[in-house]
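Scroll down for the structure; my scribbles are underneath it.
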Amino acid sequence: MAAVLEKPAVPAENGLHKVSTGQEMDGPQTSSGAGSLPACFDHALASIRHPLGSNQQVYAIGGLGEPAESPSLDVHLLDSENQSWEAVATTSMSSKTMPTNPASRGCQATAVVGNSIYLIGGYGGGKTLDEVLELDTATKQWRQVEATGTGPGAVSGATATAVGDKIYVFGGAGSDHNPRNSVHILDTIEHTWLTPHILGDPPPARCAHSATLVGPAPSKAELDPDTTPLAGDRILMLGGYGAKPLGDAWFLEVATPYVKEQMQQRGEAVVAWSPVAAGTSVQTPERRPVVICGPSGVGKGTLINKLMAEFPGQLGFSVSHTTRKPRKGEENGKHYHFTEKADFEREIAAGKFLEYAHVHDNIYGTSIAAVEAVGAAGRTCILDIDVQGAQLVKNSTLEALFVFILPPSEEELEKRLRGRGSEDEEQVQKRLRAARGEMARASDASLFNHTLVNDDLDKCYASLKQLLGLAPGEATAEGLPGPCSGHTSTAMGDRVLVYGGVADGPAPLSDVHLLDVSNLTGGAPEATTGLRGRKLSRADFNFDRAFVPEARYNHKAVALSKFEVLLVGGYDGANALGNTAVLRLAEVERSWQGCLS
Ligand SMILES: Nc1ncnc2c1ncn2[C@@H]1O[C@H](COP(=O)(O)OP(=O)(O)OP(=O)(O)O)[C@@H](O)[C@H]1O
Ligand SMILES: Nc1nc2c(ncn2[C@@H]2O[C@H](COP(=O)(O)O)[C@@H](O)[C@H]2O)c(=O)[nH]1
């Protein structure tokens with residue numbers, strides 16, 4: 001974080017350059033004097049309207065750098081035709097606390113809602129700012145947002161991501177320079193700060209990370225690029241600085257069906273955290289809940305007990321309700337919530353169950369609270385339920401992985417069921433009859449993702465661990481950036497381009513990573529999977545005619561189109577940078593897709 005506030009020495013060359021992976025190239029072009037942007041870093045860069053539309057406007061605001069901070073907050077608008085920046089004159093709506101134009105600053109969190117650019121916190125005048133400013137780009141007027149509720153207070157190096165008319169602010173450092181991991185939501189209509197209910201374990205505290213809205217975009221029919229804001233249902237948070245540079249990735253789920261459902265049930269704002277498995281540590285790529293199915297006596301409970309014993313910190317068992325009487329050794333609240341039929345039916349009617357079914361003369365069901373409790377503890381949820389229940393979960397918004405366990409033969413199943421000695425003859429017969437129907441569903445690929453035969457217990461257990469990604473040393477999210485802060489991540493359709501940053505040493509990075517967010521699943525706490533990426537190599541770029549931008553950090557970036565990202569300013573380790581580069585990924589559609597598969 002120290003580097004964020006360091007003063008650079010000399011302003012660098014100004015101008016607009018292009019770097020491309022495609023064939024048709026513009027050579028470097030520079031401009032200076034009028035039409036240029038002062039060398040700066042930790043400024044704000046904001047795109048009004050959708051990059052695919054015809055009316056996109058890109059504004060650069062403020063920032064730190066040399067010469068010394070200007071007294072007011074400079075605003076520049078990109079003139080993409082002439083590849084230059086125009087200074088924009090602004091006024092301010094005077095208020096008791098903002099009588100003149102707002103003071104210069106950097107390190108603020110920036111978000112766009114409609115025509116307005118919001119600057120949250122930041123660093124200026126030698127202090128961390130506790131202020132939210134709004135620039136209405138239609139009237140070119142600043143005003144100070146005075147919101148009720150508890151906001152982040154004085155904060156710099158946070159991120160702000162607009163989802164509809166709400167702005168999600170995460171992390172940053174306070175006046176004490178200590179990083180945080182809190183989430184605050186600014187309702188820009190009501191001018192209220194909301195404190196969301198948080199599901200899942202939050203990430204470590206950080207600042208100077210990046211945040212990008214990803215997830216299902218509007219359909220073509222819904223998309224009017226001139227008016228539709230960038231869409232998505234979760235925010236990808238990458239890296240940043242805690243006690244050291246961080247290399248982890250997290251999804252903050254803000255509008256997934258599961259989170260929306262939770263908001264409706266709770267009547268308050270809800271967000272859910274999902275870590276992205278990365279590196280070579282033991283991780284479960286299948287962070288989504290796992291439904292284990294199979295006939296009574298096949299060994300589901302035995303396999304689940306082994307998983308719980310080996311991975312107590314990673315997995316949690318969803319404790320079902322049942323009207324069945326406890327067996328010897330079974331504990332209420334641990335093996336089941338043993339419940340009277342009338343009470344169970346009342347709770348079902350109250351909508352508290354994700355699924356329930358009549359199984360072997362009794363009612364069994366999974367409460368929403370049982371699954372949530374596991375997620376809230378930061379663990380992957382394991383459910384042991386019958387086929388009817390599995391089908392109901394499949395139909396719900398919970399994105400689970402479904403595994404069916406088969407016996408080696410019907411004879412062996414009967415032997416195990418009798419060997420367990422927990423059922424009387426009538427129950428054994430009932431369970432065996434039901435088993436035939438259940439096993440007929442094992443090959444239903446629309447329901448089950450995997451089937452395993454539990455012949456040799458150790459072998460079956462090893463296979464189960466393998467498919468849950470619990471085998472040691474398995475990497476799951478490939479090609480993500482390493483530990484760094486001060487980088488940018490920019491969503492372009494279903495790809496995210498990550499550029500630059502700084503790792504442990506003083507030297508900035510020029511790494512370019514492309515992440516694929518087209519296959520994200522889940523959307524419940526701990527349940528998002530499917531992020532993949534690749535570090536681009538020199539071979540991906542046409543360097544012959546292209547300008548190669550300096551490695552940098554604390555720069556800013558916005559998407560100009562599905563294939564172009566505008567990089568503005570930054571710090572190269574010694575100087576603030578004034579240049580503007582367009583990273584052009586022409587033909588990436590073919591080459592990149594091919595590289596990932
Ligand atoms: N691979 C195996 N080989 C031999 N015996 C096994 C194997 N797996 C489990 N068993 C035994 O089979 C019996 C039934 O196992 P378990 O109780 O785990 O079944 P289950 O599928 O959970 O049944 P239910 O659905 O009725 O709860 C137990 O006595 C268990 O020790
Ligand atoms: N639909 C559901 N089925 C469940 C649930 N919990 C357990 N089960 C299934 O019931 C049978 C019998 O279990 P037992 O403990 O009496 O032997 C077995 O197939 C379980 O998978 C539930 O919450 N919902």
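Values below: every heavy atom of this structure, side chains too, minus hydrogens, waters and symmetry copies. Predicted, not measured: the structure shown is a model, and the values here were computed from it. Just so you know, residue 1 is the first one in the sequence shown, and it goes up from there. Order of listing sets the numbers, starting from 1, for every ligand and every atom in it.
- The protein heavy atom nearest to atom 19 (O) of ligand 1 is G299 N, 3.1 Å.
- Taking every non-hydrogen atom of A357 and a distance limit under 4.0 Å, the qualifying atoms of ligand 2 come out as 1 (N).
- The nearest protein atom to atom 24 (N) of ligand 2, hydrogens excluded, is given as E355 OE2, 2.7 Å; this is a heavy-atom distance.
- Near G301, meaning under 4.0 Å from one of its heavy atoms, ligand 1 places the atoms 18 (O), 20 (P), 22 (O).
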Which pairs would a plain distance check flag for residues 357-365, meaning a side-chain donor or acceptor within less than 3.5 Å of a matching protein atom at least two apart in sequence or in another chain?
from, atom 1, to, atom 2, distance (Å)
D361, OD2, K430, NZ, 2.2
N362, OD1, T323, OG1, 3.0
Y364, OH, R324, NE, 3.4

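- Considering both main-chain and side-chain atoms, V359 never comes within under 3.5 Å of ligand 2 through any nitrogen or oxygen pair.
- For the ligand labelled ligand 2, residue R324 lies inside the 4.0 Å heavy-atom shell.
- Using cut-offs of 30° and 60° on the angle between ring planes, the pair F353 and H321 is perpendicular.
- For atom 14 (C) of ligand 1, the closest non-hydrogen atom on the protein side is G297 O, 3.5 Å.
- Taking a cut-off of under 4.0 Å to the non-hydrogen atoms of R431, the atoms of ligand 1 that pass are 26 (O).
- Of all atoms in ligand 1, numbered sequentially from 1 with element shown, those under 4.0 Å from a heavy atom of L457 are 1 (N), 8 (N).
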List, one per line, each side-chain donor-acceptor pair under 3.5 Å for residues 188-195, sequence neighbours excluded.
from, atom 1, to, atom 2, distance (Å)
T188, OG1, D165, O, 2.5
H191, NE2, T188, O, 3.4
T192, OG1, E190, O, 3.2

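- The distance from ligand 1 to the heavy atoms of D455 drops below 4.0 Å at these ligand atoms: 1 (N), 2 (C), 3 (N).
- Using 4.0 Å as the threshold, E438 has no heavy atom nearer than that to any atom of ligand 2.
- For atom 3 (N) of ligand 2, the closest heavy atom belonging to the protein is D386 N, 3.1 Å.
- For R327, the closest heavy-atom approach to ligand 2 falls below 4.0 Å.
- When only non-hydrogen protein atoms are considered, atom 21 (O) of ligand 2 lies nearest to D384 OD1, 2.7 Å.
- N332 has its side chain out of reach of P326: every pair of non-hydrogen atoms, C-beta onward, lies at least 4.5 Å apart.
- Contact annotation for K325 and ligand 2: no heavy atom of the residue comes within less than 4.0 Å of the ligand.
- For ligand 1, the atoms closer than 4.0 angstrom to any heavy atom of P295 are 21 (O).
- Checked by distance only, ligand 2 and S296 stay at 3.5 Å or farther apart across all their nitrogen or oxygen atoms.
- The protein heavy atom nearest to atom 24 (P) of ligand 1 is R420 NH1, 3.4 Å.
- The side chain to side chain donor-acceptor pair (under 3.5 Å) test with E423 singles out one residue from R327, Q429, R418, and that residue is R327.
- If you number the atoms of ligand 1 from 1 as listed, the ones under 4.0 Å from a heavy atom of K300 come out as 18 (O), 19 (O), 20 (P), 21 (O), 22 (O), 23 (O), 24 (P), 25 (O).
- The closest approach between any non-hydrogen atom of E423 and ligand 2 is not below 4.0 Å.
- Applying the 4.0 Å criterion to heavy atoms of G389 picks out, from ligand 2, the atoms 1 (N).
- The protein atom (non-hydrogen) at minimum distance from atom 19 (O) of ligand 2 is K300 NZ, 3.8 Å.
- Ranking protein heavy atoms by distance to atom 26 (O) of ligand 1, first place goes to S296 OG, 2.6 Å.
- Of the polar atoms of S320, at least one N or O is found under 3.5 Å from an N or O of ligand 2, judged by distance alone.
- L213 and A491 get closest at one heavy-atom pair: O-CB, 3.7 Å.
- Side-chain contact of S489 with T212: a donor-acceptor pair under 3.5 Å is present, judged by distance alone.
- Closest protein heavy atom to atom 16 (P) of ligand 1: T302 OG1, 3.5 Å.
- Proximity of Y336 to ligand 2 is established by a heavy-atom distance of less than 4.0 Å.
- A donor-acceptor pair is defined here as one N or O able to donate and one able to accept, closer than 3.5 Å; no such pair exists between the side chain of K300 and the backbone of I292.
- Of all heavy-atom pairs between L413 and G297, the closest is CD1-C, 3.6 Å.
- In this structure, the side chains of P196 and Y168 stay at 4.5 Å or more apart for every pair of heavy atoms.
- Of the listed residues (E438, R416, E412, K459), the one carrying the non-hydrogen atom nearest atom 12 (O) of ligand 1 is R416.
- In summary, the aromatic rings of F170 and W273 are positioned with their centroids under 6.0 Å apart.
- With values rounded to the nearest 0.5 angstrom, D386 atom CG is found 10.5 Å from S296 atom OG.
- Protein heavy atom at the shortest distance from atom 8 (N) of ligand 1 is N454 ND2, 3.1 Å.
- Residue C460 does not touch ligand 1, judged by heavy-atom distances below 4.0 Å.
- Under 3.5 Å, the side chains of E253 and S274 contain a donor-acceptor pair of N or O atoms.
- At a heavy-atom distance under 4.0 Å, no atom of L303 approaches ligand 1.
- Under the 4.0 angstrom criterion for non-hydrogen atoms, G419 is not in contact with ligand 1.
- Counting only distance, with no hydrogens or angles, the side chain of R379 and the backbone of P312 share a donor-acceptor pair below 3.5 Å.
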